Student: 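Dumping the structure here so I can ask a few things about it.
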Protein chains: 2
Amino acid sequence: MANLHDVAKRAQVSIITVSRVINNKGNVKDETKERVLKAVEELKYYPNSLGRGLNSNKVNTIGIIIATIEEVSIHGTHYYNELMAGIERVCTKNSYDMLIPTQKKFSGKDYDYLKLYYERKVDGLLMVSPDLVPSQMEEVAENKIPCVVIGDRTEKYGISYVDSDNRGGIFRVAEFLIQKGHRKLSFLKGLKDNRHVNDRLNGFYDAVHKYGLTVRDEWLLDGDFSVDSGRNALRTLISGEDMPTAIFCANDIMALGVLFEAQAAGVKVPDQLSVIGFDGLEVHRYTNPSLATIRQPLVDMGYAAAEILFQKLKGPADLPETRIFPVELLMGGSIKV
Amino acid sequence: MANLHDVAKRAQVSIITVSRVINNKGNVKDETKERVLKAVEELKYYPNSLGRGLNSNKVNTIGIIIATIEEVSIHGTHYYNELMAGIERVCTKNSYDMLIPTQKKFSGKDYDYLKLYYERKVDGLLMVSPDLVPSQMEEVAENKIPCVVIGDRTEKYGISYVDSDNRGGIFRVAEFLIQKGHRKLSFLKGLKDNRHVNDRLNGFYDAVHKYGLTVRDEWLLDGDFSVDSGRNALRTLISGEDMPTAIFCANDIMALGVLFEAQAAGVKVPDQLSVIGFDGLEVHRYTNPSLATIRQPLVDMGYAAAEILFQKLKGPADLPETRIFPVELLMGGSIKV
DNA sequence: AAACATTTTGTTAACGCAAACAATCAGTGA
DNA sequence: TCACTGATTGTTTGCGTTAACAAAATGTTT
């Protein structure tokens, strides 16, 4: 592999002159420049990013820290794809590459989210719903590590973040239904009690409390994000003493299960039961009736997070910036209005 | 940021001793080792991967060259996710990170697929359905660049690849239908005539020719991978002089369109028309009737490709290895048997 | 205790690049 | 012609690491 030295020798100039030509920095006579470029071409010279990075402390790469792709892609969501698509656009614009670490453990302890940065493999970090412990958060803030969090609220540490307003979104949709006359609302929860799922449930409660509705215990259903748990939920409702008029599902896949079982059991959607999903999967348009669902603007969120990160990489990295994106109700025939 | 020198000073040893401890290489007295590790801990030392890479010519990263994520994720396919999930597993196993380049152009010319490697940002390359020109292929082969192609057949260049047998798969499904009595087969093509889409069509032709069937011109339909083009296709068939008894669709989304329009137009599926999709989208189980579809084992393909690449990174990189994965028919109610 | 082997530690150089500084050259005005 | 300016080119150094070689310390045998 040719290096600067080889090119310099061939072009009959010094190393630094070649460097200047490559980087378009400093004055070089046109004639010399041509000679150098010719040598670069002939030797198929590529600047070594390691040498470059070692010297300039910049590698033109950002790290994207995220659960395993497999994990993020389950339940049929487009979460990972859309987020990445947004991030990718900004990276392309800025000529940066994206690095995805795979080692989720570091010397037996919890994953060291900052390893990638400290090792100088990346210039900055995008962290997707990280499980940072407080000490790590403080480390990020104190050391002014260029970093933006997606899907968590980190304001108390002074760390920039981008999130969607799940809670407010569900609240508004629930409010909308209540205003349309619904009084008996139910909620089908998801598998783990992570923050996102709780937010959704909280938005539901916000509306319920605001309008002084009562939610029967049997209307708070447990699910595991699967179609079957949606089916089960509907059966549970049917076998109860009183049917709700609407059910909020923590994800679309479970909402599908509810729809299918409703059809099988002869429950009319939306006349007897309105069904609301969460995720905005493409399928929602293809069910019968079509499924009303709530969608996070994931592409925009990825884009925004990356934009904030690059802003930090260029200027001072210490000013925390924050963006909350509203979620969107994708209307469907599964809601009675 | 602490470097080897700082750690050495604190531990009262020489730089190379610290290096030895970090890399578990060579003999170091237990007592010394402890002192060094203590200093590492106290100074929060992380080995700089740039210095390391520059010296050892190894960066523990592989590059994944693929069209933009946005592009690969359209039409609702899980192509990208599944492939990446397979690759990720192998990378995790081998403690390698994954680098995704974003610059699809290099100095105004076509994308330089090898840039990442020549710049020493990665140790090897996984190339997903690349549009390599012959000279680049030869370059890969001649220079023994560790590289595995996914989704193309590169045997004539001696480059390792992993692919699925789309052609054979469709052939077998078509043959199956023919054996079940179908004589009038139609095919709904996709947008561009890329190799994959052609393969699918060719498999169809293989079966048609083998059994001496005639395919009316109006049974070869043009589509653009969208639901609407599926709907249009069905309308075209209805308005024709003779209806086929089965339609193969180049992707699932178009097959959905066919199903929907069939329902709207009163065409009975599968009694009057069998519908076969391609991709194996999750939705296929949720339509009514469920959609028969053909699935590539993408996770396995990603896994296999990565495995081959790591084998090259360890041993001699010149022996080309190849794997063709059979596709799978996911049965559904949309086929009359 | 001397000779030797083995373990342990250290010195130097190199990887490829660019910043800081130094030197040369051509052109300009006095 | 000479001093001066600006353009152009070159030399040296350091970024952080490890390999190769060198030296010192320890242990073992006679």
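Throughout, protein chains are lettered first and strands after them, A, B, ... in sequence-line order, and every chain is numbered starting at 1. As the structure is a computational prediction, the values presented were derived from the model and not from experiment.
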Student: Starting at atom OH of Tyr118(B), determine the distance to atom P of dG16(C), rounded to an integer number of angstrom.
Tutor: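 Roughly 15 Å, once rounded to whole Å.
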Student: If you check the Leu4(B) side chain, which of dG16(C), dT17(D), dC17(C) turns out closest?
Tutor: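 Per side-chain heavy atoms of Leu4(B), the pick is dT17(D).
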Student: Quickly work out the Lys58(A) NZ to dC17(C) P distance and round it to whole Å.
Tutor: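 Between P of dC17(C) and NZ of Lys58(A): 16 Å.
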Student: How close or far is atom P of dC17(C) from atom CZ of Arg120(B), stated in whole angstroms?
Tutor: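 So the two atoms are 12 Å apart, to the nearest Å.
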Student: Verify the contact: side-chain N or O of Ser19(B) to OP1 or OP2 of dT18(D), cut-off strictly under 4.0 Å; return yes or no.
Tutor: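 So the side chain of Ser19(B) is within the cut-off, an N or O lying under 4.0 Å from OP1 or OP2 of dT18(D).
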Student: Does dA18(C) have its OP1 or OP2 closer than 4.0 Å to a side-chain nitrogen or oxygen of Asn23(A)?
Tutor: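 Result: yes.
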Student: Examine dT17(D): is either OP1 or OP2 under 4.0 Å from a nitrogen or oxygen in the side chain of Tyr45(B)? Give yes or no.
Tutor: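 So the side chain of Tyr45(B) is within the cut-off, an N or O lying under 4.0 Å from OP1 or OP2 of dT17(D).
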Student: Specify the separation, in whole Å, of atom CG of Leu50(B) and atom P of dG16(D).
Tutor: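 In whole Å, dG16(D) P lies 10 Å from Leu50(B) CG.
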Student: Picking from Leu126(A), Ile159(A), Asp163(A), Val162(A), what satisfies side-chain contact (heavy atoms from CB on, under 4.5 Å) with Val149(A)?
Tutor: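 The single option meeting the side-chain contact (heavy atoms from CB on, under 4.5 Å) with Val149(A) is Ile159(A).
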Student: Using salt bridge (Lys or Arg N to Asp or Glu O under 4.0 Å) as the criterion, list what pairs up with Glu42(A), not counting sequence neighbours.
Tutor: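 Applying salt bridge (Lys or Arg N to Asp or Glu O under 4.0 Å) to Glu42(A) gives Arg10(A), Lys38(A).
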Student: If I take atom CD1 from residue Ile64(B) and atom OH from residue Tyr80(B), how far apart are they, to the nearest 0.5 angstrom?
Tutor: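 OH of Tyr80(B) is found 7.0 Å from CD1 of Ile64(B).
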Student: Calculate the interatomic distance between His5(A) atom NE2 and dA13(C) atom C1'; express it in whole Å.
Tutor: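 After rounding, the reported distance stands at 15 Å.
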Student: Any chance you could measure Met1(B), atom CE, to Asn57(A), atom CG, to the nearest 0.5 Å?
Tutor: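 That separation rounds to 9.0 Å.
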Student: Whole Å only: how far is the CD atom of Glu119(B) from the P atom of dC17(C)?
Tutor: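 Rounded to the whole Å, the gap is 11 Å.
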Student: Take the protein atom CG of Asn48(B) and the nucleotide atom P of dC17(C), then report the distance between them rounded to whole Å.
Tutor: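 So the CG-P distance, Asn48(B) to dC17(C), works out to 16 Å.
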Student: Say you draw a straight line from CZ of Arg120(A) to NZ of Lys58(A); how long is it, rounded to the nearest 0.5 Å?
Tutor: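 The CZ atom of Arg120(A) sits 10.5 Å away from the NZ atom of Lys58(A).
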Student: Does a side-chain N or O from Asn3(B) land closer than 4.0 Å to OP1 or OP2 of dG16(D), or not?
Tutor: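 So the side chain of Asn3(B) is within the cut-off, an N or O lying under 4.0 Å from OP1 or OP2 of dG16(D).
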Student: Does atom CD of Glu31(A) have more than 12 heavy-atom neighbours from other groups under 6.0 Å away?
Tutor: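 Counting other residues, nucleotides and ligands, CD of Glu31(A) stays at 12 neighbours or fewer.
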Student: Give the B/S/- string for nucleotides 5-12 of chain C, one per nucleotide from 5' to 3', where a protein heavy atom under 4.0 Å of the base yields B, of only the sugar-phosphate yields S, and otherwise -.
Tutor: ---BBBB-
Student: From the set dA19(C), dG16(D), dC17(C), return the single nucleotide nearest to any side-chain atom of Lys25(A).
Tutor: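 Closest of the options to the side chain of Lys25(A): dA19(C).
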Student: I need the CG-C1' distance between Asn55(B) and dC15(C), as an integer number of Å.
Tutor: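 Asn55(B) atom CG is separated from dC15(C) atom C1' by 6 Å.
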Student: Would you give the length of the straight line joining atom CE of Met301(B) to atom OH of Tyr79(B), rounded to the nearest 0.5 angstrom?
Tutor: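 Met301(B) atom CE to Tyr79(B) atom OH measures 5.5 Å (nearest 0.5 Å).
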